[in-house]
There are 2 protein chains.
Amino acid sequence: MAENFQAPVNKTAHAFDKGRLESMLSTRFFYAPAFEIYRGVAGLYDYGPPGSSLQANILAEWRKHFIIEEHMLELDTTILTPATVFETSGHVARFADWMVKDIKTGDVLRADHLVKNVLEARIAGDKEARGQAVRVVEDEKDKKKKKAKPVKLLDEVVAEYERILAQLDNYSGPELGQLLRDHNITNPDTGNAVSEPQLFNLMFASSIGPTGQHPGYLRPETAQGHFLNFSRLLEFNNRRVPFASAQIGRSFRNEISPRAGLLRVREFTMAEIEHYVDPENKRHERFHEVRDVELDLLDRHVQSSGHTTITRISIGEAVDKGIVANETLGYFLVRIYLFLIKIGINPKRLRFRQHMSNEMAHYATDCWDAEIENSTGWTECVGCADRAAYDLTVHSAKTGHPLVVQEELKEPIVTEKLVVGYDRKTLGKTLGKGFAIIQSVVGGMNEAELLNLKGQLAQGSAVIVSPEGQQFKLTPDTLSIEWKTFTQSVREYTPNVIEPSFGIGRILYTLLEHSFWSREQDVDRGVLSLPPIIAPTKVLIVPLSPRDEFKPLVREVSAKLRKAGVFSNVDDSNQTIGKRYARNDELGTPFGLTIDFASISKRTMTLRERDTTIQLIGDIDEVIPIVIELVNGSMDWPEACQRLSIYEGVQSLE
Amino acid sequence: MAENFQAPVNKTAHAFDKGRLESMLSTRFFYAPAFEIYRGVAGLYDYGPPGSSLQANILAEWRKHFIIEEHMLELDTTILTPATVFETSGHVARFADWMVKDIKTGDVLRADHLVKNVLEARIAGDKEARGQAVRVVEDEKDKKKKKAKPVKLLDEVVAEYERILAQLDNYSGPELGQLLRDHNITNPDTGNAVSEPQLFNLMFASSIGPTGQHPGYLRPETAQGHFLNFSRLLEFNNRRVPFASAQIGRSFRNEISPRAGLLRVREFTMAEIEHYVDPENKRHERFHEVRDVELDLLDRHVQSSGHTTITRISIGEAVDKGIVANETLGYFLVRIYLFLIKIGINPKRLRFRQHMSNEMAHYATDCWDAEIENSTGWTECVGCADRAAYDLTVHSAKTGHPLVVQEELKEPIVTEKLVVGYDRKTLGKTLGKGFAIIQSVVGGMNEAELLNLKGQLAQGSAVIVSPEGQQFKLTPDTLSIEWKTFTQSVREYTPNVIEPSFGIGRILYTLLEHSFWSREQDVDRGVLSLPPIIAPTKVLIVPLSPRDEFKPLVREVSAKLRKAGVFSNVDDSNQTIGKRYARNDELGTPFGLTIDFASISKRTMTLRERDTTIQLIGDIDEVIPIVIELVNGSMDWPEACQRLSIYEGVQSLE
């Protein structure tokens, strides 16, 4: 029986070191700049084997957590999109960022990022001048640039800078231009002044077909592919609302000057949900299941007042108080939270921030971002927007194809209306064109005017006058006005859309930061504490040496794991067992199985846990089911320690 | 015990009807033209819920069959690619098709497709004129166009047409132009003549970054992303060869005039493997496992002689006889075959065709296509090319980054060489520039010349003459020539690449054709007999009605299936059970569970099999594990029929 399984692991013995993490991610080929041997292209990254596998596992978990759990309708639509679609959706006119040009070199910078970088550097310089500790926020491309000059600022200047930074996302292009002038902001790379902010559209353009006559764009989001298929989706769902469509796919944004590694890239994998609801009923039938879950919220009012104070509040209370607009939005915020926690994001570094009014995308009426803290600050990783009826309405208007729900009313709506009847034959014959004028005048009357006309006719006749002053005399035999009963049994409406939209690369990168630490006794021994469900490899099988005598057991263990759906890797290289495990700690492999001479003679096998490096020992047929349960999450490590004995040879192997 | 479970199902009672299949696929939203409400764009399709799910299941099976089974290194690289990469790879110059223009309307047609369509139509017209049955090959866009005029041709003309068609892929552009003239081929849509064939590059172009100075393309294959990462992959694999990288992702080809539904599209999902081998050893360590598997082969010699005769042969024999070039290529052909059969492709409609020399892509030295027969003929669904060292060599030459393997030699290669030594000080001082001339002349000598010089020096002195006639006298103290021993312990080579490349959309569509049939008693009742492993939904739970009393059982059954990893759907709509099952037969759902009043009172449940429509009955806790085994493939339907009783109420429900 293992007694000391709770030996604490000190994961914070060494401060987080971004350079160390990045070097490890590169060496282990989690990801690397694309076209590296061609000197790369900013904002494009390739995922290597562990990165691809980690991404695939995150997506598989996403599919289970959202699509399968909520019976969403999955879609896979095209990236290439004809220009007319994005003209209608407003992206051609408005999906743009403000950029400035260095007036001498012509280098292009994103205006808001320029303001942010310069003001943050000045605040840091002020702190240094005041002798305060500076929390270094690293900039990927050039760490020196962010190093602040120690210049003390007036207290009111610091306060002003902090106010600007708190609502930076809320400024328009001309306002950013004013800020640049007011605060003397120049290109920090060159010291040169910059131009007035100009809009730059973020979509990549191309041309479809051999004649060059069909302009198109690469989609900047997967959402339009959902909306254009709305009628088919509704039909597939037996015409019932609410329902959701979901799609995992690549999108493209021609970022102005991407510098932040995986956090700002030009090509990325998204996972998007479009949840269609009745605008008059945004309740959610499973809201009661999540009501008591507490979230850290940062609403728009707090930000507008220049602050970033977090409120921790249950989603039930947040919806009751109107902080979060409705149950459906609230339900998804919690589901997003639960997903992120499940894959290993630190809940203490996760908050939900509401967009300010100028910050929102042109199609949104409300938006909350799940922001995750990392070495660059708080990063938007999931957006949860209420797009209202915007997209379905504009596409329907443009194409003439109705994108609406027709709902059979349980109780038909009965209304009484005045209906006008003409003796078309007589009127047409006697009045010719005059008949059309009468129809136009009478057709334009409201209920009161019609009632008045009805009264006159009841008295024998009435005279109506056209806008041009022409007079027509009407009698009850040529024109009748009667009350009629109308029964409406179908209600037609354009649904509203709640859209949770996940940037998978950003989530993956922040997860790597949250999972990374170094062993207390050796800072060079990095570990990625990824949860088993998303770890690239679940189990590493380590034979003592590549000698043939271990091979039958390796095959046996590997086959038994595979039969249970647990896929393992074998490392039979010539390196020491300790080195092989160290490599796999960096790859985030949670469990290791060592096969040695005792395995052959006595059928025992040791089971190693990545974080504690504790090894347990037991009969092969006893260890295998325990590993399977550990990987599937139906057993935790302390329980495994109760079931197997501690292996005392740990030190010699590590 | 069920006795009549082997009641035969007649799946061929009705001839295959493409129109019926397509209408069903559209109604059930397997896929649809993208941007349909904007009148669509040729060659772009969206997958709806069942299509997305079918595609995801095919890819999951692919990942298991190839990546996991063979421990391949998975990659996920970018679609956007700077132009310089495709300039190096040869795609900018050569990844093109021959197109012709209608000289009056300007309509663009693919030259080889034009020849094929017109000659096939003439042959069909000839058959009709001779009173033979015509096998109609349908053209998606316009079925009438393919309808042949019944014109009898001379026997030798028919033979000539057939010879041209058998080697159509082998013609160059000018040769296609000659064929058009020789055989009077015009645009069948208009009757107008067409232009000379011109090359049209199939890559979509775009521009990366805000300044428009970085031209790029959307990748037409995922392969270059593998090659550019070769060094990192080799390192990840502990510098061992052979190994393979694998990638699933979107690629783009600007097809000239796509008309064939999912079979020829402009944006598609590929799954590509690049297997790196020692060019001097293309044996495969698992070849013995597949040696006896028989394939239908159509090699290039048969095609060049104008025939399409298939040879059925074991892969072992094919490699021994040199029909298939090496074991690695042969191994992959079998693995491709096994994968396609596993997901439900009819093995009788699958052949492997070798490319003819002019047909091959510019980078390939040999290529075999897995072709699957469908309503349009034989379609290339998987290519298996030997790209030799082409790509790694050109990228290495362009970038200066070595893309090579360094192999430690077990026995070092020892060589003796003559080495020249100079007294640099003296020669430099006395001769100045003359020293450089001496070095150049001596450096250019071969072994015989050096031996001669060595002999002269041994005699006291030697005179050498520069190309310009300048003479230098040398003595043993200023110049020495000695034998030295060199030991080479590392062999460096550029690996060869074997590339199996899968077009997932083509496979998916042909699979739908192979799986589709109509019930003998009612041609309108279509069924998709998809294997459980790839069926979009595995189990449909059908409560008798949407009433609340059935809900607890529905939840219980659904939860128990989910716990075992089997995901089910519930159909509790108001339609009859028969109609609900008919809908799910069209969706390919293999099993159905009916929950009725007996389920509540006696805890019994019926289990329905899609193809036979036979229903079995048993206790809920007895039926669930059987369904799980059926879905996982560890039990077949006849065995299930042995374990449960036939439910006699079948007819009333259907």
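Naming convention: chains lettered A, B, ... in sequence-line order (proteins, then strands); numbering from 1 in each chain.
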Which of [options] touches chain B most, by non-hydrogen pairs under 4.5 Å:
options                   : answer
L403(A), D571(A), T81(A)  : T81(A)
A205(A), S231(A), G400(A) : A205(A)
H395(A), M99(A), H214(A)  : H395(A)
H401(A), K101(A), Q575(A) : H401(A)
K398(A), Q224(A), R250(A) : R250(A)
R39(A), E255(A), R240(A)  : R240(A)

What part of [X] gets within 4.5 angstrom of chain A, counting heavy atoms only: side chain, backbone, both, or neither?
X       : value
L587(B) : side chain
V41(B)  : side chain
Q55(B)  : side chain

Checklist line | Separation between OG of S573(B) and CG of N237(A), rounded to the nearest 0.5 Å | finding: 11.0 Å
Checklist line | Distance, nearest 0.5 Å, that separates CE of M203(B) from OG of S206(A) | finding: 11.0 Å
Next item on the list: Check step by step if side chain to side chain contact (heavy atoms under 4.5 Å, CB included) holds for L218(B) and F204(A).
Entry: CA-CA 11 Å; L218(B) 306 188; F204(A) 286 96; over 6 Å; no
Could you pull out the closest heavy-atom pair between [X] and [Y], with the gap in Å?
X       : Y       : answer
S52(B)  : E74(A)  : OG-O, 3.3 Å
I79(B)  : E267(A) : N-OE2, 2.7 Å
D46(B)  : G225(A) : OD2-O, 4.5 Å
P50(B)  : F236(A) : CD-CE1, 3.6 Å
I208(A) : N254(B) : C-OD1, 4.0 Å

Quick check for you: among [options], which has the greatest number of heavy-atom pairs under 4.5 Å with chain A?
options                            : result
Y38(B), Y47(B), F268(B)            : Y38(B)
L75(B), I37(B), L228(B), L73(B)    : I37(B)
V570(B), N229(B), N569(B), T269(B) : N229(B)
L80(B), V108(B), N238(B), T84(B)   : L80(B)
T88(B), I67(B), L202(B), I248(B)   : T88(B)
M72(B), E235(B), H71(B)            : H71(B)

Check: Are more than 12 heavy atoms from other residues, nucleotides or ligands located less than 6.0 Å from atom CZ of R562(B)?
Finding: yes
Notebook entry, point to check: Considering heavy atoms only, which positions within residues 27-35 of chain B lie below 4.5 Å of chain A?
Noted result: R28(B), F29(B), A32(B), A34(B), F35(B)
Check: Between S568(A) and chain B, which part of the residue has a heavy atom less than 4.5 Å away: side chain, backbone, both or neither?
Finding: backbone
Item checked: Partner set under side chain to side chain donor-acceptor pair (under 3.5 Å) for R232(B), not counting sequence neighbours -> S26(A), E36(A)
